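Below: one structure, written as structure tokens.
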2 protein chains.
Amino acid sequence: MRKIFLFMDTIFNKVDAKGRVSLPSDYRAIVKELSTEIVCYRSLSAPCIEGCLEDTLDKLATDIENATDFFSETQDNLTNLIFGDARRFAFDSTGRIMLSEKLLKHAQITDAAVFVGKGRKFQIWNPQNWEKEEARIRAEVMKNRPTLKTAKEAE
Amino acid sequence: MRKIFLFMDTIFNKVDAKGRVSLPSDYRAIVKELSTEIVCYRSLSAPCIEGCLEDTLDKLATDIENATDFFSETQDNLTNLIFGDARRFAFDSTGRIMLSEKLLKHAQITDAAVFVGKGRKFQIWNPQNWEKEEARIRAEVMKNRPTLKTAKEAE
DNA sequence: TGGTATAACATGGTAATTTATGGGATTCAA
DNA sequence: TTGAATCCCATAAATTACCATGTTATACCA
């Protein structure tokens, strides 16, 4: 098992009439090291789908257990939403997954999708929506370039 | 992985019609200690490509996780921008990588590139642009020579 | 020190492989 | 038995691995 798992890059893929999408090969390579499935859920903060390895959600669960006093009730509620929403998705022999109606609707995805790497996680966007979102983020980050230090203080 | 490695020197290489460039052999020697790949992304502050080992980004991912919480908006923005842009680049048996259109365009590279060592990272420049940038940096540094002490205080 | 042999490297071209994607067949369940 | 989900096959395009050559740098020897 490799030590490093990072979902990266921005990949545009088609969604066919059956709702099938190819998981980018880079992503598959990562997933295959650990299992045959990814976990997806509706993002709580944006009109997109979030995906990760089950390990990542497991780590989140552990973090909550170890820092119960740190987490507020609202954050606790958020985790409930995530675990209640999340589902495993396996990919077939050609590397495609079939996303659910619920997820596609939330992300407004019909015939094309963009996979955006986020390190331990990734997101799946409607291409037009992502284009706007990327511009927004870039503008915001450039306006006040964060350091890890200020990022922490800003919270 | 070796503990000590530094990307150094400035190396000029050609870029062929397919976007292939030889990674300088010194750089390859460093990369080979750990894997067969480097990670490249568009610099946030200059018209050039930045490259490093995946370890370096993995460390960044961990730092972001530790500095912000799972639901942080800051974390969202940072990870989208950095990991959404980065990509792995493997080199073939002759030591070449194939840079993407996106990266080449950002750095205005067409038929030649300059690799500039930066310690843990390195940059890839359009030769003319680098010539100007190097002159600019040198002039600036000479004008007001920084020390590590003042650099730290300035934060 | 000078000259030559050797190895390493950058670079051009081509073959082989992988990937994304469409379509059809098969299975399963309501 | 109808609709949906899964599996399998085909293909075009993009990516990657491989081979060949000239050039440069290095090592070796007289």
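Letters A, B, ... mirror the listed sequences (proteins, then strands); counts begin at 1. Please read these numbers as outputs of a predicted model, since none were measured by experiment.
Using a 4.0 Å cut-off, no side-chain N or O of B:R96 falls inside it from OP1 or OP2 of D:dC19. In this structure, A:S22 does not reach the C:dT19 phosphate: none of its side-chain N or O atoms is under 4.0 Å from OP1 or OP2. Residue A:K14 places no side-chain N or O under 4.0 Å from the OP1 or OP2 atom of C:dA20.
With respect to B:D63 and B:K59, a salt bridge is recorded, a charged nitrogen being found less than 4.0 Å from a carboxylate O. Salt-bridge annotation for B:D76 and A:K118: present, with a side-chain N of the basic residue lying under 4.0 Å from a carboxylate O of the acidic one.
Atom pair B:R88:CZ and D:dT16:C1' shows a separation of 16 Å (rounding to whole Å applied). In this structure, A:I11 places its CD1 atom 21 Å from P of D:dA13, rounding to the nearest Å. In this entry the distance linking OH of B:Y27 with P of C:dC9 reads 15 Å, nearest Å. Between the CG atom of A:L104 and the C1' atom of D:dA5 there is a distance of 14 Å, rounded to whole Å. A straight line from CD of A:E101 to C1' of D:dG3 spans 14 Å, rounded to a whole angstrom. Taking atom CZ of residue A:F12 and atom C1' of nucleotide D:dA13, one finds them 16 Å apart after rounding to whole Å. We find that CG of A:N13 is positioned 14 Å from C1' of C:dG22, with the value rounded to whole Å. Rounded to whole Å, the distance from CG on B:D26 to P on C:dC9 is 9 Å.
B:T62 pairs in a side chain to side chain contact (heavy atoms under 4.5 Å, CB included) with only one of the listed residues (B:L60, B:N66, B:I64), which is B:N66.
Geometrically, B:R87 does not engage B:Y41 in a cation-pi contact, judged by NZ or CZ lying under 6.0 Å from the ring centre and within 45° of the ring axis.
You'll find that the side chain of B:R20 is closest to D:dA17, out of C:dC9, C:dG23, D:dA17.
Under a cut-off of 6.0 angstrom, the local environment of NZ in B:K14 is sparse, with at most 12 non-hydrogen atoms contributed by other residues, nucleotides or ligands.
In terms of position along DNA chain D, the nucleotide closest to A:S93 lies nearer the 5' end than the nucleotide closest to the other residue of the pair A:S93 and B:R87. When the nearest nucleotides of DNA chain C are assigned to B:L23 and B:D92 by heavy-atom distance, the more 5′-ward of the two goes with B:L23.
With hydrogens and angles ignored, a donor-acceptor pair closer than 3.5 Å exists between the side chain of B:K18 and the base of C:dT14.
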